[in-house]
2 protein chains.
Amino acid sequence: MSRQAPSQPAPRGRPRDPRTRAAILAAARALLERGGLTSVTIEAIAQKAEVSRPTIYRYWPNAPAVAMAAFLETTGAAEAAKSPRTPLAALRAQLHALADAFAAPAGRSVAAMVAAAQSETELAKAFRNEFIARNRDATRALLERCIADKAIAPPEDMELSLDLIFGPLFYRLLMGHAPITRGFVDQLLAAVIPARD
Amino acid sequence: MSRQAPSQPAPRGRPRDPRTRAAILAAARALLERGGLTSVTIEAIAQKAEVSRPTIYRYWPNAPAVAMAAFLETTGAAEAAKSPRTPLAALRAQLHALADAFAAPAGRSVAAMVAAAQSETELAKAFRNEFIARNRDATRALLERCIADKAIAPPEDMELSLDLIFGPLFYRLLMGHAPITRGFVDQLLAAVIPARD
DNA sequence: TTAACGTTACGATACGTAACGTAATATAAC
DNA sequence: GTTATATTACGTTACGTATCGTAACGTTAA
């Protein structure tokens, strides 16, 4: 009996050691948080991961791609805390979490990925789809729950509201002209989300 | 009669040829707009400007510094159009000009400089002081004139208002998830600047 | 047999600097 | 005023280094 449409084409030969991939990503992530994107070189990753350089190239085409993979692996969209009862509180908790991440060393990684995305189209696409879009989706969902609950007045333009919330956060992260605090998030929300009228 | 405190200590030796500096900056600017920051190498600048590499190093310490100098030379703060009579119209014109710049090839330069600032402290400082701060100052001044004229209600936090205006613009520039149009600016203003009550 | 991985090696690009010669300008000496 | 001299700008050439991306080949695990 022969399989006519195998969903998994049966991998042949020696399988990839999962520790290899993990070691590369872990090394890239560590380098990224410490020294920023410029310190994430194939050479440095290879040494830190105790893997040969050609092996890294067998997984990813260049250093920024490894950095992006490492970044996306560890940093998902900020998840809404489950505990808050009201969607408004959940929204606030979600953005507080994002602000915390931006203020922490992880914020440097985010900034580095934004920077990397400016010069590499592929990275930009991945970053938009896997990070930007996910964060917007998560926040949009909570906003709509707030609207459904009549906790806030429905905004005229939902996408504009998202730009008004995320824009200033990224702006401060990248320009560094002012700190990113939970209080700042609260200010943003107060300004952007019209309280229930 | 001897000058006791000469304001210009009389430069000695061969003066710098102004065309050298101009050629370097022009070349850097062209490279920056086309290929982004990674294409702005000392090597490429030297060839395009028809200047030797050591000469470039005599002016600036590294390639990103040249790029920043070229950027700041050509892209100042958006100036308020003189024609509009009311400060509110001037504010709108100023931000329209910024949006136009962000949407044009010059926008790529701005994005490239933001990216560069993430990995080079010196550049970050220059960029904050010479570009970010200047734009904020210009807009803040117009906002205050609007307030003085009672054209708009005074915002609770002026700096927050500036973040709400500039943040989304940079956010769209850097993420590229939506276009930067004059209509977007108008939407921003409507949302952020409470109309006269 | 097939593919993963290491080792070694190679050419290419860009870096930043040094050394040296020449050109252009100021100041001082005559 | 003309001439010497110091000083600086710029080009040319060269050097050593870092990192890149790839190729070749052997070894190991399925």
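Every heavy atom of this structure was used, including side-chain atoms; hydrogens, water molecules and symmetry mates were not. Below, read A as the first sequence line, B as the second, and so on, with proteins coming before strands; counting in each chain starts at 1.
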Atom pair distance, as rounded to whole Å: [atom1] in [X] and [atom2] in [N]:
X     : N      : atom1 : atom2 : value
B/L37 : C/dA14 : CG    : P     : 14 Å
B/R12 : D/dT8  : CZ    : P     : 7 Å
B/I24 : D/dC10 : CD1   : C1'   : 10 Å

Taking the minimum atom-to-atom distance to the side chain of [X], which one of [options] wins?
X     : options                : result
B/E43 : D/dC20, C/dA14, C/dA4  : C/dA14
B/V51 : C/dT27, C/dC5, D/dG11  : D/dG11
A/R58 : D/dA23, C/dC15, D/dA24 : D/dA24
A/R16 : C/dA3, C/dA4, C/dT8    : C/dA4
B/T20 : D/dT12, D/dG21, D/dC10 : D/dC10

Task: Contact nearer the 5' end of DNA chain C, comparing B/P61 with B/P15 - done: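 Residue closer to the 5' terminus by nearest nucleotide: B/P61.
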
- [ ] Select from B/T41 and B/R14 the residue whose nearest nucleotide in DNA chain C is closer to the 5' end of that strand.
- [x]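 Its nearest nucleotide being more 5', the pick is B/T41.
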
Open item on the list: Does D/dC10 have OP1 or OP2 under 4.0 Å away from a side-chain N or O of B/Y59?
Closed with: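 So the side chain of B/Y59 is within the cut-off, an N or O lying under 4.0 Å from OP1 or OP2 of D/dC10.
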
Open item on the list: Looking at B/T55, I'd like to know whether one of its side-chain N or O atoms comes within less than 4.0 Å of OP1 or OP2 on D/dC10.
Closed with: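 Negative; the distance criterion is not met.
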
Open item on the list: Tell me whether A/Q118 contacts the main-chain N or O of A/V114 through its side chain, where contact means a donor paired with an acceptor under 3.5 Å.
Closed with: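 Judged by distance alone, yes, a pair lies under 3.5 Å.
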
Task: Residue closer to the 5' end of DNA chain D, B/D17 versus B/G13 (nearest nucleotide) - done: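 The 5'-side residue here is B/G13.
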
Task: Closest approach of B/V110 to B/F71 (non-hydrogen atoms, all atoms of both residues) - done: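 Heavy atoms only, the tightest pair is CG2-CE1, 3.6 Å.
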
- [ ] Scan for salt bridge (Lys or Arg N to Asp or Glu O under 4.0 Å) pairs involving residues 46-63 of chain A, sequence neighbours excluded, and state none if there are none.
- [x]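 Listed by first then second residue: A/E43-A/R53.
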
Task: Polar pair under 3.5 Å, donor/acceptor by atom type, side chain B/R53, base D/dG11 - done: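 Answer is no: no donor-acceptor pair is held.
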
Open item on the list: How about CD on A/E156, more than 12 heavy atoms from neighbouring residues, nucleotides or ligands closer than 6.0 Å, or not?
Closed with: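 Result for CD/A/E156: open.
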
